[in-house]
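One structure is given here, and the rest of the page talks about it.
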Protein chains: 2
Amino acid sequence: MQLNRLVIFYKTIGDPTRLRIMKMLSEGPLHGQAIAGKLGLTPATITHHLKRLREVNAVYERRDGNTIYFYLNGSVIKHYAKSLINLAEQDEVKKDMTDVMAERQKVIENFFTTDGRLKNIPAQRKKKLIVLEHMLKGLQKGKKYEEKELNEYIKKFHDDYATIRREFIINNYMYRENGIYELNPEEMWTKIE
Amino acid sequence: MQLNRLVIFYKTIGDPTRLRIMKMLSEGPLHGQAIAGKLGLTPATITHHLKRLREVNAVYERRDGNTIYFYLNGSVIKHYAKSLINLAEQDEVKKDMTDVMAERQKVIENFFTTDGRLKNIPAQRKKKLIVLEHMLKGLQKGKKYEEKELNEYIKKFHDDYATIRREFIINNYMYRENGIYELNPEEMWTKIE
DNA sequence: CACCTAATTAGATATTTATCTAATTTCGGT
DNA sequence: ACCGAAATTAGATAAATATCTAATTAGGTG
């Protein structure tokens, strides 16, 4: 459920230590020991908090040797913030959709073959999102997908399923938990400006 | 401290019952009994959550007879959300300030007499904020003000101290706790577009 | 292989807090 | 001045969780 995701995210954020970590990471990646040192806490404690932050995709990590660098995941955080802003705005804004739709259609025609395969992943962010959303249309809301199942689905469009699957997560279209994937509610998707 | 405010706000938001209340209030004001009914919880429990939400100014209330209607305080919520977005954006954007300053100066000259009194409170939001910020300059960061003390300060500018004091809170320039007022860090202020 | 450092896991403790029931307060109407 | 409805307060209980120490796992390097 959508509300539930927000709850978990904000509960995670609403902790002094975790917010301090996020603040530190906003100035650049750090590894666990460094964080522990700066905060005067035990590595075990940092592991605990990073686990929490990872669970909501507020951070991601990159391994270098046996030290792991943690990065702030700005886009996910921004999306949660935006869904808070939506909540705070009681008025419903309806925009004119016709032009937007025409533009989307053109992008889809350019990037997909007539038999529905993706020619290549657009480099331009805006077009990439349109393409991703097009592929997402075949997935069911609320359904839980095994990673393998999702890979198979994506392969119908393009061989590089790993990249595309990652894009689904990065742009907040999907949510991963214990290797199980699920569509996010649309309010949480990365929006095209 | 700034981080601390954020922590308290997000901890408050990060609770299923409170987020559900906020969601309900986003569709219009409600009184306590109504909220309790819809959520299947005790009035005492609702009081508890509303107290929390009030502490961070996420809601405000209006009394009608002896029933109290609660409203969502959209602007405060949006400001916290924006400060999250700031955190998520690692790049620092510097803008050209010279034009902006000239405009502010003009507004201040128009709305204040030569001996520094406020002629009247601007109706236009943008100008109002400039005027409010001008008055705020005489307050000290980190200092805690009694309500009476703050009233006296505002009276130096204008007799209607109650309205102005309220504007300080609504626009997130100041923070109130147990009748004590304090300046918010500037990152949290209402920003002029 | 032996060793070192980083990270994680497991288990224990102490603090926080959401919720309830019961008592109390607040306000308007009769 | 009294009564009823709405809200708050007080106190109790149960659940969640931040942190620590100690043990374990992972990855590299001499």
Side-chain angles (χ1 to χ4, degrees), chain A residues 3-25 28-56 58-72 177-179, chain B residues 3-25 28-56 58-72 177-179:
Chain A
L3 253 192
N4 206 32
R5 289 279 163 65
L6 282 187
V7 171
I8 294 173
F9 178 82
Y10 286 117
K11 179 178 294 189
T12 302
I13 296 287
D15 173 273
T17 304
R18 287 193 284 266
L19 252 197
R20 289 176 74 194
I21 292 175
M22 290 170 66
K23 181 87 179 166
M24 287 165 54
L25 293 185
L30 289 172
H31 57 227
Q33 302 284 337
I35 298 172
K38 292 196 183 204
L39 295 182
L41 293 172
T42 285
T45 302
I46 301 306
T47 293
H48 168 245
H49 289 297
L50 287 173
K51 184 196 264 181
R52 282 282 150 81
L53 289 171
R54 253 183 321 211
E55 281 168 0
V56 297
V59 304
Y60 60 93
E61 58 196 80
R62 243 180 250 308
R63 183 154 214 144
D64 176 23
N66 76 354
T67 117
I68 298 175
Y69 287 87
F70 295 91
Y71 295 72
L72 199 64
E177 193 168 49
N178 306 328
Chain B
L3 253 192
N4 207 31
R5 289 277 163 65
L6 285 187
V7 171
I8 295 173
F9 179 82
Y10 291 120
K11 180 177 294 188
T12 302
I13 295 288
D15 173 273
T17 304
R18 286 192 285 266
L19 253 196
R20 290 177 72 195
I21 292 175
M22 289 170 66
K23 180 88 179 165
M24 287 165 54
L25 293 185
L30 290 171
H31 57 119
Q33 302 284 337
I35 298 173
K38 293 196 182 202
L39 295 182
L41 293 172
T42 286
T45 302
I46 301 305
T47 293
H48 168 244
H49 289 298
L50 287 173
K51 185 196 262 181
R52 283 281 151 83
L53 289 171
R54 253 182 322 211
E55 281 169 359
V56 297
V59 303
Y60 60 93
E61 59 195 80
R62 242 180 250 308
R63 184 155 214 143
D64 175 23
N66 77 353
T67 119
I68 298 176
Y69 287 87
F70 295 91
Y71 295 73
L72 198 65
E177 192 168 51
N178 305 328

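A note on names: the letters A, B, ... follow the listed sequences, proteins ahead of strands, and every chain is numbered from 1. Everything quoted here is computed from the prediction, not taken from an experiment.
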Under the ring-ring contact (aromatic ring centres under 6.0 Å, His included) test, which residues partner [X], sequence neighbours left out?
X	value
A:H48	none
A:Y10	B:Y10
B:H49	none

Mind checking side chain to side chain contact (heavy atoms under 4.5 Å, CB included) for [X] and listing every partner two or more places apart, or none if nothing turns up?
X	value
B:P43	B:Q33, B:A36
A:I8	A:N4, A:T12, A:V56
A:Y71	A:P29, A:Y60, A:R62, A:Y69

Which is the 5'-most and which the 3'-most nucleotide of DNA chain C that has an atom under 4.0 Å from a heavy atom of chain A?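 Range of nucleotides within reach of chain A: C:dT5 to C:dT9.
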
Enumerate the residues from residues 43-53 of chain B whose closest heavy atom to DNA chain D is under 4.0 Å, giving them by residue number; use none for an empty result.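 Of all residues in residues 43-53 of chain B, the ones placing a heavy atom under 4.0 Å from DNA chain D are B:P43, B:A44, B:T47, B:K51.
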
Between B:G40 and A:H31, name the one whose nearest nucleotide on DNA chain C is closer to the 5' end.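 By nearest-heavy-atom nucleotide position, the 5'-most residue is A:H31.
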
I'd like to check the side chain to side chain donor-acceptor pair (under 3.5 Å) partners of B:E61; sequence neighbours left out, ordered by chain and number.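 Here the qualifying residues are B:R54.
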
I'd like to compare against my own output: the B/S/- annotation of nucleotides 25-30 of chain D with a strict under-4.0 Å heavy-atom distance to protein. -BBS--

Can you tell me which residue pairs pass the salt bridge (Lys or Arg N to Asp or Glu O under 4.0 Å) test with a partner in residues 9-19 of chain B, sequence neighbours excluded?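 Qualifying pairs, neighbours excluded: none.
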
Interatomic distance, B:T47 atom OG1 to B:L41 atom CG [nearest 0.5 angstrom]: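 That separation rounds to 11.5 Å.
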
CD1-CZ distance between B:I21 and B:R52, expressed to the nearest 0.5 angstrom: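 B:I21 atom CD1 to B:R52 atom CZ measures 12.0 Å (nearest 0.5 Å).
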
Tell me which residues in residues 13-22 of chain B put a heavy atom below 4.0 Å from DNA chain C, sorted by number, or none.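 Contacts with DNA chain C under 4.0 Å: B:D15, B:T17, B:R18.
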
Nucleotide D:dT17, atom P - distance to CD of A:E55 in whole Å: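 Taking CD of A:E55 and P of D:dT17, I get 10 Å after rounding.
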
Taking CD1 from A:I8 and C1' from D:dT17, how many angstroms apart are they, rounded to a whole number?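 To the nearest whole Å, that distance equals 15 Å.
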
Minimum-distance pair of heavy atoms, taken over all atoms of A:I35 and A:L25: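 Minimum heavy-atom contact is CD1-CD2, 4.4 Å.
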
Indicate the atoms forming the closest heavy-atom contact of B:G32 with B:I46, along with that distance.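 The pair with the smallest heavy-atom distance is O-CG2, 4.1 Å.
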
Report the C-alpha separation of A:I68 and A:H31 in whole Å, then their side-chain angles, then the decisive distance to 0.1 Å, and conclude whether the side chain to side chain contact (heavy atoms under 4.5 Å, CB included) test is met. CA-CA 5 Å; A:I68 298 175; A:H31 57 227; 5.8 Å; no

